[in-house]
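Worksheet for the structure shown next.
Heavy atoms only: backbone and side chains are in, while hydrogens, waters and symmetry mates are out.
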Amino acid sequence: MYRVSIVVPVYNEEGNVAELHQEIKTVCDQNQYEYEIIFIDDGSSDRTGEVCKTLRPLKYIRLRKNSGQTAAMDAGIKAATKEFIVTMDGDLQNDPQDIPAMLEYLVKNEYDVVSGWRKNRKDTFMKRFVSRGANLLRYILVHDGIHDSGCSLKVYRKECFKGINLYGEQHRFIPAILKMKGFTVGEYVVHHRPRTSGKTKYNWKRTFKGFVDMISVWFWSKYASRPLHLLGGTGLIFIMLGMGCGIWSVLLFVQGYKMSNNIIPPILTVFFMIMGVLMFVFGLMAEILIKIYYGVHVDVSYSIKEISEQE
């Protein structure tokens, strides 16, 4: 018998939460799981909270304000108490019937994470187009080995999240973050259903934020423990370029060129030397900050207003 926490961030989903809760409950009861259902209300402005408070069983968490899907998911994951954590969207596009197969796949193959792959997506053309572009960039930069990082339906072992705080739009890159830490990641093809109620929360702003977070994950995966290698190395390259331009300036002066007529070499010398020193200093500062980061507790980006457990 599996012990499972189902974590679902919801935002203005009054038309979906009751049906989704019933579907999750049915699947868990049919498979005789020891389970808890956790809905995180990300500051909804409709009746989502009222509907959630009528559902049983449910652990309901309400954030004080709309903090984003990643923050809501982080709050739900931290509230989870079971051996396995399942995350999914609150818009009914993820199918809870996929959960048993994903759990079995994770256990059978001894994975730490299994990510859903919406191979046959039921989204608009533009949303699929943007998603494929983002997936291509993610493949180039992050190399997490999965096809569909945007699918929220994922299964994790609880120990994956020990000491991890999620920010920005990082919920898309959880498998990549965990893979960098040595956890094993698998992928499973899941169903994807068209949205029937409510409005999509995805827009160009979330796409842009997701791209910025992708760069952050790339930097973290490559240089989190050694930022001096990137920044200091870049600084040394600038310093060498500055020295080269300095030699060029000296040669021109020796050959009798008037520096007032050709100021580019000395300007480049000063520019590259200053940039090189600054980059090297930034690298040293980043190295110190990384050591501080690993040595102290990191705050979270959201505030919980209410937690209620409805048996």
Side-chain angles (χ1 to χ4, degrees), residues 1-42 44 46-62 69 72-73 75-77 79-107 113-123 127 148 150-158 171 174 187-202 307-311:
M1 180 177 67
Y2 296 131
R3 302 174 61 247
V4 185
S5 298
I6 316 292
V7 174
V8 186
V10 294
Y11 175 63
N12 289 347
E13 298 287 0
E14 62 181 5
N16 294 320
V17 287
E19 183 178 349
L20 178 60
H21 180 272
Q22 183 57 49
E23 288 187 9
I24 295 172
K25 183 176 182 299
T26 298
V27 168
C28 291
D29 288 339
Q30 286 175 346
N31 290 273
Q32 299 182 328
Y33 296 152
E34 179 184 329
Y35 68 95
E36 60 182 356
I37 304 173
I38 305 173
F39 280 7
I40 311 92
D41 184 354
D42 187 22
S44 295
D46 63 358
R47 296 182 59 256
T48 297
E50 297 174 39
V51 177
C52 284
K53 289 187 177 182
T54 67
L55 306 175
R56 303 289 188 278
L58 180 70
K59 181 181 288 187
Y60 171 70
I61 301 173
R62 179 175 175 81
Q69 187 174 1
M73 193 171 287
I77 288 169
T81 61
K82 306 302 182 184
E83 178 185 5
F84 298 101
I85 298 175
V86 177
T87 61
M88 61 190 308
D89 283 331
D91 56 11
L92 283 174
Q93 290 194 265
N94 295 143
D95 188 352
Q97 291 290 340
D98 288 316
I99 294 173
M102 294 180 72
L103 267 170
E104 292 292 342
Y105 187 69
L106 180 143
V107 172
V113 184
V114 170
S115 179
W117 177 10
R118 301 166 295 179
K119 203 169 184 178
N120 183 24
R121 293 186 62 169
K122 304 297 182 182
D123 288 322
K127 192 172 178 181
D148 185 8
C151 180
S152 294
L153 182 54
K154 294 179 173 70
V155 180
Y156 306 90
R157 297 183 189 271
K158 190 175 189 300
H171 67 278
I174 296 175
E187 189 172 44
Y188 192 86
V189 176
V190 297
H191 300 99
H192 190 238
R193 305 183 291 193
R195 176 184 271 276
T196 57
S197 178
K199 296 181 179 179
T200 181
K201 313 305 185 297
Y202 289 92
I307 299 179
S308 62
E309 298 197 29
Q310 298 145 203
E311 301 293 339

>> Looking only at the side chains, is there a donor atom on one of Ser5 and Glu36 sitting less than 3.5 Å from an acceptor on the other?
In response: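 Per modelled atom types, Ser5 and Glu36 side chains form a pair under 3.5 Å.
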> Have Gln30 and Thr26 got a donor and an acceptor in their side chains that come within less than 3.5 Å?
Replying inline: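 No, because no side-chain N or O of Gln30 sits under 3.5 Å from a partner of the opposite role on Thr26.
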Going from [atom1] on [X] to [atom2] on [Y], what distance comes out if it is rounded to the nearest 0.5 angstrom?
| X | Y | atom1 | atom2 | value |
| --- | --- | --- | --- | --- |
| Ile37 | Leu58 | CD1 | CG | 6.5 Å |
| Asp29 | Ile24 | CG | CD1 | 11.5 Å |
| Met102 | Gln97 | CE | CD | 13.5 Å |
| Thr87 | Tyr156 | OG1 | OH | 4.5 Å |
| Trp117 | His192 | CH2 | NE2 | 14.5 Å |

Closest contact, heavy atoms only, [X] versus [Y]:
| X | Y | result |
| --- | --- | --- |
| Glu13 | Asn16 | OE1-ND2, 2.6 Å |
| Ile38 | Ala80 | CD1-CA, 3.7 Å |
| Pro96 | Asn94 | CD-O, 3.4 Å |
| Lys154 | Gly116 | CG-N, 4.3 Å |
| Val17 | Val10 | CG1-CG1, 3.8 Å |
| Ala18 | Val51 | CB-CG1, 4.1 Å |

> Just by distance, do the side chain of Gln93 and the backbone of Arg193 share a donor-acceptor pair under 3.5 Å?
Replying inline: yes
> Is there a donor-acceptor contact under 3.5 Å from the side chain of Gln310 to the main chain of Leu55?
Replying inline: yes
>> Given Arg62, which partner from the list Asp42, Ile40, Asp41 fulfils the side-chain contact (heavy atoms from CB on, under 4.5 Å) test?
In response: Asp41
Would you call [X] and [Y] a side-chain contact if the rule is heavy atoms closer than 4.5 Å?
| X | Y | answer |
| --- | --- | --- |
| Tyr33 | Leu103 | yes |
| Lys158 | Lys82 | no |
| Ile85 | Ile77 | yes |
| Gln69 | Asp89 | yes |
| Arg118 | Leu153 | no |
| Asn31 | Ile99 | no |

> Are Val8 and Ser152 close enough, and set up right, to give a side-chain contact (heavy atoms from CB on, under 4.5 Å), and what steps lead you there?
Replying inline: CA-CA 9 Å; Val8 186; Ser152 294; over 6 Å; no
> Taking the inter-plane angle between the rings of His21 and Phe39 on a 0 to 90° scale, is it parallel (under 30°), tilted (30 to 60°) or perpendicular (over 60°)?
Replying inline: perpendicular
> When the ring planes of Tyr2 and Phe84 are compared, do they come out parallel, tilted or perpendicular, using 30° and 60° as the limits?
Replying inline: perpendicular
>> Please determine whether side-chain contact (heavy atoms from CB on, under 4.5 Å) holds for the pair Met73 and Ile174, giving the CA-CA distance in whole Å, both sets of side-chain angles, and the decisive distance to 0.1 Å.
In response: CA-CA 11 Å; Met73 193 171 287; Ile174 296 175; 4.2 Å; yes
> Quick one: salt bridge (Lys or Arg N to Asp or Glu O under 4.0 Å) pairs with a partner in residues 2-11, sequence neighbours left out?
Replying inline: Arg3-Glu34
>> Evaluate Cys28 against Val4 for side-chain contact (heavy atoms from CB on, under 4.5 Å), listing each step before the verdict.
In response: CA-CA 9 Å; Cys28 291; Val4 185; 5.6 Å; no
>> Between Leu20 and Met88, does the side-chain contact (heavy atoms from CB on, under 4.5 Å) criterion hold? Intermediate values first, please.
In response: CA-CA 10 Å; Leu20 178 60; Met88 61 190 308; 4.1 Å; yes
